[in-house]
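A short write-up of the structure that comes next.
Values in this document were obtained by computation on a predicted structure and should not be read as measured data. Just so it is clear: chains get the letters A, B, ... in the order the sequence lines come, proteins before strands, and each one is counted from 1.
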Amino acid sequence: MKIQAVKGTRDFYPEDMARRNFIVDGWKRASIRNGFLEFDGPIFEYLAMYQQKSGDEIASQLFAFEDRGERMLAIRPEITPTLARMVNQRINALPRPIKWFSVPRLCRAERPQKGRLREFFQWNVDIIGVDDCLADAEVIFCAVDYLIEAGLGSDDIVVRISSRRLLASLLEYFGIEESQLDKVYAVLDKKAKVPPEAFEKMLEEAITDADKRVKVMNLMAAETLVELEQFAGNDENAKKAVDELKRLFEYLNVMGISEFCTFDIGIVRGLAYYTGIVFEIYDKSQQLRAICGGGRYDNLLADFGGPKITATGMGMGDCVLGIVLEEKGIFSKAAVNGVIEYFVAYAEDALRNDALNIIAKIRRAGKIADFSYKGGGLGKQLKQASAAGAKQCVIIGQEYSQKKLILKDMIKGEQVEIVESEFLGQLKNAD
RNA sequence: GUGGGAGUAGCUCAGUUGGCAGAGCAUUAGAUUGUGGUUCUAAGGGUCGCGGGUUCAAAUCCCGUCUCUCACCCCA
C-alpha cells in the first residue's frame, strides 16, 4: 500500500519552502525591528493546559495522545498557553514590558478547507504588562508593518477594530445580563457573515426582549465612534471604552497607518477570553477568513495561575496569508532557487580537479558556487548553469596553463580573462 | 458531525456513441568535442483512486468504497 501525506498537511518542496521562508523570514524581520524578542516552547504540552482555558470540547479539536508514562499530552494547537506558562514561571525576573514573538508550527484536528489546514505556521506577537492601548496600537502596527513590507497596501487589506469592553458596557447598559453576554457575542460575531434576515433571527433567539433587541440592532448599525458616544449616554464604563478606542485610533494615526484602520462594531472574536480592544485584518477583495486576529486578554496570566498582569497580542497564520500573497502575485518576487553566484565549468575532463579546487576556494570565501557532476561539453555545462540561474560562470580551459580563468557574466553575456589569484582576491574583498 | 464537487503521466488537463491510453509543461538523451538562455528530434514515465457488476469489449455505463477538495458547524 502506497502511503500518502496525512490529510491537512503539506509537503514543502524547494519551491514551496521558498514561499514559506518568504513569509516566515518577513515575520521575523518585522518582529525584530518592532522590538520583539523571539521565544519558542515544546511542540507538545499537557492536554490539561489547553482544556483549562477553553474547556473540554476543545479536546476533540486537537491531536491528543497518551505517552508511555500515561501522561495525557497534546500537540500544541496554539502557543499562547505556553507563553503564559513560560512568563508566569519567570514573572519576577523578566523586565517589563515583555514584548515577545514566536512562529510556532501548530496542529489542529479540524476539517481542512480553504485557508485552514491541520498543520500550519502562526506568527504570534504579544505585549505583557502594558495597560495602555498604546500596546494594542503597537501590536496592530507590527502586523501592518509586515503586510506592507510583504507588498500589500491599504487597497488590499483593512484592519477592523472594535472593543469587547465597549460592547460589554453598552449591552449591560441596555439591560442585558452579564450571564447572557457570551451568547450575545456569538450572535454579534455573525453579523458580517450571515444575511441580515438570518442575523435578525439569531438575535431574536438570543435576546427575547424586543426593546433590548432593537437597541442592539441600532447599535450594530453604528459606523463611527461619534455615533457610539450617543449610545453611551451617561454610562461611565461605555464612555471610558469609547475614549479608549479614540486614543487607539489617535495612536494609529500618529504611527501613520490610519488609512489601513477602520472601526467596525461587528468585530467580536469568537473566544470568550478577550477583554478589551479586538481587531481582525481582512483582505479587501476576497471572501476569505481573517488574515490576522488579535486583541487584549487581561486575564491571560491569571488564568494560568499567575498574577493579574495585562496582555495584548495577535496571531497571523500562513494559510490565508499564503492565498492572499499568491493572488496578488507577490510570491513571484520570492527567490525560488538559491541563486548560484558562480558556476564553474571546465573545458576538458583533465581540468576537473582544478575546477574542484577553485570551487572549494570560492565556497570558503563565502560565495555560492556549483558545478556539473557530469562534465561533458562546455555547452552542456553552460546550459546547466543557465538552468540553475547562475549569475556568473568561471570557465577553466587552456588558459589555465597560465593560471588564467574566464569569467563570464551570464546576464550580460560578456566575458573577460582574469588571473586566478586576482579573481580569488576579489572574492574576499567583495561585499 | 452535515451537505456539494472531483479523482486519467511528476504538474495542468483532453479523451466523441462503450472500440489500441493522449496533449502541453516538466524530466532524460541527442542535434552541439571552447560558450548558455531560443529552437528542433527522440526517449522514459499509466493498476485511468480501489473493489465488484453489465458487456464480445469499460477511463467511459451501474453499485459500493476510499481519498482529496469546497461550503456548513467551529475557529484559539
Salt bridge A:Arg296-A:Glu244, side-chain N to carboxylate O under 4.0 Å
no

Lys/Arg-Asp/Glu bridge criterion (N-O < 4.0 Å) met for A:Arg19, A:Asp318 | no

Using the [atom1] atom on both, measure [N] against [M] and round to a whole Å.
{"N": "B:A76", "M": "B:U2", "atom1": "P", "result": "24 Å"}
{"N": "B:C13", "M": "B:U69", "atom1": "P", "result": "15 Å"}
{"N": "B:C11", "M": "B:A26", "atom1": "P", "result": "15 Å"}
{"N": "B:C72", "M": "B:U65", "atom1": "P", "result": "27 Å"}
{"N": "B:C48", "M": "B:A58", "atom1": "C1'", "result": "11 Å"}
{"N": "B:A21", "M": "B:G15", "atom1": "C1'", "result": "9 Å"}
{"N": "B:G24", "M": "B:G19", "atom1": "C1'", "result": "26 Å"}
{"N": "B:C25", "M": "B:C63", "atom1": "P", "result": "39 Å"}

Pull out every protein N or O sitting under 3.5 Å from an N or O of nucleotides 3-6 of chain B, one pair per line with the distance.
none

If I take atom [atom1] in residue [X] and atom [atom2] in nucleotide [N], what distance separates them, rounded to the nearest angstrom?
{"X": "A:Leu117", "N": "B:C70", "atom1": "CG", "atom2": "C1'", "answer": "13 Å"}
{"X": "A:Asp11", "N": "B:G10", "atom1": "CG", "atom2": "C1'", "answer": "13 Å"}
{"X": "A:Glu78", "N": "B:C74", "atom1": "CD", "atom2": "C1'", "answer": "14 Å"}
{"X": "A:Met202", "N": "B:C74", "atom1": "CE", "atom2": "C1'", "answer": "12 Å"}
{"X": "A:Lys114", "N": "B:C68", "atom1": "NZ", "atom2": "C1'", "answer": "16 Å"}
{"X": "A:Asn299", "N": "B:A76", "atom1": "CG", "atom2": "P", "answer": "17 Å"}
{"X": "A:Gln113", "N": "B:G1", "atom1": "CD", "atom2": "P", "answer": "15 Å"}
{"X": "A:Lys7", "N": "B:U67", "atom1": "NZ", "atom2": "P", "answer": "7 Å"}

Check side-chain hydrogen bond (donor to acceptor under 3.5 Å, both in side chains) between [X] and all other residues, then give those that pass, not counting sequence neighbours.
{"X": "A:Arg108", "result": "none"}
{"X": "A:Tyr282", "result": "A:Glu280"}
{"X": "A:Tyr346", "result": "none"}

task = Would you please classify the geometry between the A:Trp100 ring and the A:Phe39 ring as parallel, tilted or perpendicular, with 30° and 60° separating the classes?
result = tilted

Going by the rule side-chain contact (heavy atoms from CB on, under 4.5 Å), which residues pair with [X] if we only count those two or more places apart in sequence or in a different chain?
{"X": "A:Lys361", "value": "A:Asn357, A:Glu420, A:Leu424"}
{"X": "A:Asn124", "value": "A:Ile79, A:Thr80, A:Pro104, A:Gln122, A:Asp126"}
{"X": "A:Asn92", "value": "none"}
{"X": "A:Asp131", "value": "A:Thr310"}

key: Distance-only donor-acceptor test, A:Arg108 side-chain atoms vs B:C74 base atoms, 3.5 Å   = no

Once base and sugar-phosphate atoms are separated, protein heavy atoms under 4.0 Å mark nucleotides 30-40 of chain B, 5' to 3', with B, S and - as SB--BBBB-B-

Are A:Ser162 and A:Asp264 close enough, and set up right, to give a side-chain contact (heavy atoms from CB on, under 4.5 Å), and what steps lead you there? CA-CA 6 Å; A:Ser162 186; A:Asp264 185 338; 5.8 Å; no

A:Phe423 meets the ring pair (Phe, Tyr, Trp, His ring centres under 6.0 Å) criterion, sequence neighbours left out, with A:Tyr342

With sequence neighbours left out, the residues meeting ring pair (Phe, Tyr, Trp, His ring centres under 6.0 Å) with A:Phe371 are A:Tyr373

Taking pairs as Watson-Crick (N1-N3 plus N6-O4 or O6-N4) or G-U wobble (N1-O2 and O6-N3), each distance under 3.5 Å, the stems of three or more consecutive pairs with RNA chain B are B:1-7 with B:66-72, B:10-13 with B:22-25, B:27-31 with B:39-43, B:49-53 with B:61-65

On RNA chain B, more 5' by nearest nucleotide between A:Pro112 and A:Arg289 is A:Pro112

